[in-house]
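I have placed the structure first, in the form of structure tokens, so that the comments after it can refer back to it.
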Amino acid sequence: MPGEHHGAFGEDAFGRGAEKIARFFGTPKYIFGQTIVVIFWIALNAVAVSFQWDPYPFILLNLAFSTQAAYAAPLILLAQTRQADRDKVAAQVMEHHRDEIATRADEHQQAIAKSATELKELLEANTTLTRQDKDLTEQVAKLTREIHSRLGPAT
């Protein structure tokens with residue numbers, strides 16, 4: 001179960017590639033690169049007359065951005081869906097792990113309670129034996145005194 005991922009688009013190359021692209025869209029490297037391309041595009045079309053393939057108001061550049069946005073949004077959603085699937089699997093694994101820990105803790109707590117009960121019973125038995133030993137010692141001392149008194153004084 002851990003490590004497995006079968007999202008809406010599976011583990012195919014398209015899904016993995018789409019995730020890589022969507023993740024790249026959010027990087028400073030991409031934003032910087034796109035800014036350089038836009039500045040270069042506008043400069044060539046505004047200044048160099050022989051390169052004006054997209055004169056002001058830069059309709060082709062707008063079309064490129066619209067096309068990019070049309071692909072970027074679903075790719076980003078795909079990446080989010082796949083990440084949500086991975087997060088769900090991770091949460092299930094964590095929940096299973098917490099359940100195992102709780103079960104083990106309950107088992108340990110029961111074992112400790114059982115040991116405490118057994119220890120209490122042993123202490124009570126030891127107390128009873130100590131009391132009986134004391135009573136028997138007192139009886140032996142009493143009998144010893146009685147024997148000595150009947151035998152008379154020692155010579």
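In what follows, residues are counted from 1 in the order of the sequence shown. Predicted model, so just to flag it, every value in this text is computed and none were measured.
- E95 pairs by the side-chain contact (heavy atoms from CB on, under 4.5 Å) definition with R98, D99, not counting sequence neighbours.
- Linking Ile, Leu, Val, Met, Phe, Trp and Tyr residues whenever their side-chain heavy atoms come within less than 4.5 Å places F58 and L44 in a single cluster.
- Residues forming a ring pair (Phe, Tyr, Trp, His ring centres under 6.0 Å) with F24 (at least two apart in sequence, or on another chain): Y30.
- With sequence neighbours excluded, the residues satisfying salt bridge (Lys or Arg N to Asp or Glu O under 4.0 Å) with E146 are R150.
- Residues forming a side-chain hydrogen bond (donor to acceptor under 3.5 Å, both in side chains) with D135 (at least two apart in sequence, or on another chain): none.
- Put simply, the side chain of R23 reaches to within 4.5 Å of the side chain of Q83, judged on heavy atoms.
- Residues satisfying the side-chain contact (heavy atoms from CB on, under 4.5 Å) criterion with T67, sequence neighbours excluded, are L63, Y71.
- Side-chain contact check for Q132 versus L129: some heavy-atom pair is nearer than 4.5 Å.
- Legend: residues meeting side-chain contact (heavy atoms from CB on, under 4.5 Å) with T144, ordered by chain and number and at least two apart, are V140, H148.
- For the side-chain hydrogen bond (donor to acceptor under 3.5 Å, both in side chains) test, no residue two or more places apart in sequence or in another chain qualifies with E118.
- Side-chain contact between N126 and L122 is absent, with no heavy-atom pair separated by less than 4.5 Å.
- In the hydrophobic cluster analysis, where Ile, Leu, Val, Met, Phe, Trp and Tyr join through side-chain heavy atoms closer than 4.5 angstrom, L75 is grouped apart from L77.
- Looking at Q92 and H96, their side chains never bring a donor and an acceptor atom within 3.5 Å of each other.
- Taking Ile, Leu, Val, Met, Phe, Trp and Tyr as members and joining any whose side-chain heavy atoms lie under 4.5 Å apart, directly or through other members, the hydrophobic cluster of L123 also contains L119.
- You'll find the side chain of F14 reaches within 4.5 Å of the side chain of L78, heavy atoms only.
- Remark: F65 engages no residue in a ring pair (Phe, Tyr, Trp, His ring centres under 6.0 Å) (not counting sequence neighbours).
- With sequence neighbours excluded, the residues that form a salt bridge (Lys or Arg N to Asp or Glu O under 4.0 Å) with K134 are E138.
- Atom CZ of F40 sits about 11.0 Å away from atom CD1 of I36, to the nearest 0.5 Å.
- Partners of D54 by side-chain hydrogen bond (donor to acceptor under 3.5 Å, both in side chains), not counting sequence neighbours, listed by chain and number: W41.
- Under the 4.5 Å side-chain criterion, counting only non-hydrogen atoms from C-beta, T117 is not in contact with K114.
- In this structure, the separation between CH2 on W53 and CG on L60 is 8.5 Å, given to the nearest 0.5 Å.
- Residues passing the side-chain contact (heavy atoms from CB on, under 4.5 Å) test with T127, sequence neighbours excluded: R131.
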